[in-house]
Amino acid sequence: MLCKKGCDILHKLVINGGKRISGEIKLQGAKNSALPIMAATVLADGQTVIKNCPELTDIYAASRILTHLGCKVSRCENGTIIVSNSGIEKDSISEKLMREMRSSIIFLGALLGRCGSCSLYFPGGCQLGPRPVDIHISALRKMGIVISEEHGKINCTAPNGIKGAKIMLEFPSVGATENIILAAVKAEGETEIKNAAREPEIHDLVSYLVKCGAKIECTSGSTIKICGVDRLYGCEHQVIPDRIAAATYLAAAAITDGAVCISGISSLDVSSFTGYFEQMGCSVCTCNDSIYLKARNRILPIKSLKTMPYPGFATDLQSIMMSVLCMADGTSVFEENIFESRYKHVDALNMMGADIKVYGKIAVVEGVKKLYGANVEATDLRGGAAMTISALAAEGTSEITCINHIDRGYEKIDSVLASLGADIKRKPETR
Ligand code: EPZ
């Protein structure tokens, strides 16, 4: 994984478990909003000011792509990123830049919308099983875009221009919805996306584009209508708070019998995840722009957690909730319906003393009274976060390596948890 400057640095987290997580933190901005908004700046002439942009390795990767395309990107101390776009110089992205993260695929729609053509490679990112882009490609083809694939490279042209189209998604893919919106905002005519993804991060992207001058209407729950315009202009936009990071820090308090107050959630729909903590027996209260959670001494199990597209139970929360339910007073059952290989964290949790059995899409978690520190390797972003949470409650010391995965999505997770009372240190990984 690459740092700010694009060089390899390996770190590990060393956690002495058993400390209660309590205190107050301010929430980071949402990675999954900030990244598509950064890609969308390709379409907007002039300057875009993105506030509340988290400091993450994926954000640095997006900055490198924008710089490569001819934009000037600067970051201020207060989490604001300024992108100056006085004309895109290239419509291609190298394999190296594309492979740094999954979200690089969103530059497909952005470049098409800006240049009417592009050539780029299949993206990198967390290995959660097959992550095809067939839904993106078949939708873009409906818009008059000619797409060929060879040796991992995607070449796109639109000989007769990009045309609005009626598109019915077979699955509400987040990335495909974003790519179609970006390709459609400056296309000729109207595009209608049915069965579009409804995640709050999609609405944040739409809200940024509308401020830039785009004509987009999110009608009934899952239909989005886009009417192409000639030009978009940069604007100022504040990224929404990160709902998955919020749930992660609540989980840290829940598993350590702690209490945490998270501020900065004013535009966050917390109802999509607070119910699960209440089912575990925690007290949860939201007021003004804060959410407060107080743990229950022994966690209650949850009989059934099935991951579904938004507003269902988020796949990104599956590992996080599992790490807490490892210590519940009874059996919890998970069903992972979004990604094929999203139980990679299970072996590590079992090494810490959890009792989890996986049967295909199903994971059965028998609660245990104690977890024990262990040396484990982060397998992916949310899997690594789950190991961190379990380590906070485990007896003894855990070392979590390959935390480059965690750094893709959590801004300074070690400092945040240390500020809440955790005994956690980031150390160079020696191999
Ligand atoms: C986004 O990934 C998020 N990433 C993921 O966040 C999140 O887990 C996922 O949505 C689901 O909510 C970003 O926003 C950067 P999808 P994305 O296209 O867009 C299948 C995190 O931890 N599919 O909605 O890649 C696909 O294989 C992460 O922050 C196709 O079959 O997700 C998967 O099974 C990781 N063909 C399902 O749909 C396609 O063309 C959902 O994928 C596209 C997707």
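Along the sequence shown, the residues carry numbers beginning at 1. Numbering of ligands and ligand atoms starts at 1, following listing order.
The environment of Met168 atom CE is dense: over 12 non-hydrogen atoms of other residues, nucleotides or ligands sit within 6.0 angstrom. Lys51 NZ: 12 or fewer foreign heavy atoms inside a 6.0 Å radius.
The minimum heavy-atom distance linking Arg408 with Glu100 is given by the pair NH2-O, 3.1 Å. Nearest heavy atoms, Ala34 versus Cys53: CB-SG, 3.8 Å.
Of all the heavy atoms of Ile135, the ones lying under 4.0 Å from any atom of ligand 1 are found in both the backbone and the side chain. Here Arg382 has side-chain heavy atoms under 4.0 Å from ligand 1, and that is the only part of it that gets that close. Contacts of Glu178 with ligand 1, taken as heavy-atom pairs under 4.0 Å, are absent altogether. Contacts between Tyr310 and ligand 1, counted as non-hydrogen atom pairs separated by less than 4.0 Å, are absent for every part of the residue. In Asp134, the parts holding a heavy atom less than 4.0 Å from any atom of ligand 1 are both the side chain and the backbone. Under 4.0 angstrom from ligand 1, the non-hydrogen atoms of Arg342 all belong to its side chain. Using a 4.0 Å cut-off between heavy atoms, Val174 contacts ligand 1 through both its backbone and its side chain. Contacts with ligand 1 closer than 4.0 Å are made by no heavy atom of Glu201, backbone or side chain.
Atoms of ligand 1 lying under 4.0 Å from at least one heavy atom of Arg102, given by number and element, are 25 (O). Distances below 4.0 Å separate heavy atoms of Phe171 from the following atoms of ligand 1: 37 (C), 38 (O), 41 (C). Of all atoms in ligand 1, listed by their number and element, those nearer than 4.0 Å to a heavy atom of Lys31 are 21 (C), 29 (O). Ligand 1 places these atoms under 4.0 Å from at least one heavy atom of Leu381: 21 (C), 22 (O), 29 (O). Residue-ligand proximity, Ile338 to ligand 1, at heavy-atom distances under 4.0 Å covers atoms 33 (C), 34 (O), 37 (C), 41 (C).
An N or O contact shorter than 3.5 Å links Pro132 to ligand 1 by distance.
Looking at Asp316 and Arg342, a side-chain N of the basic residue comes within less than 4.0 Å of a carboxylate O on the acidic one, giving a salt bridge. Look at Lys427 and Asp414 and you find no salt bridge, because none of the NZ, NE, NH1 or NH2 atoms lies under 4.0 Å from a carboxylate O.
Ligand 1 has at least one atom lying under 4.0 Å from a heavy atom of Asp316. Within the 4.0 Å heavy-atom cutoff, Ser103 counts among the residues contacting ligand 1.
A donor atom on one side chain and an acceptor atom on the other are not found under 3.5 Å apart for Gln318 and Thr307. Judged purely by distance below 3.5 Å, without hydrogens or angles, the side chains of Asp407 and Thr57 never pair a donor atom with an acceptor atom.
Taking the six-membered ring where the residue is Trp, His237 and Tyr208 present perpendicular rings, their angle passing 60° and hence far from 30°.
For Tyr310, the side-chain contact (heavy atoms from CB on, under 4.5 Å) partners two or more places apart in sequence, or in a different chain, are Arg198, Glu199, Pro200, Arg243, Asp269, Ser272.
Sorted by first then second residue, the salt bridge (charged side-chain N to carboxylate O under 4.0 Å, His left out) pairs that include residues 345-363, not counting sequence neighbours, are Asp355-Lys357.
Ranked by closest heavy atom to atom 44 (C) of ligand 1, the top entry among Ser173, Gly175, Ala385 is Ser173.
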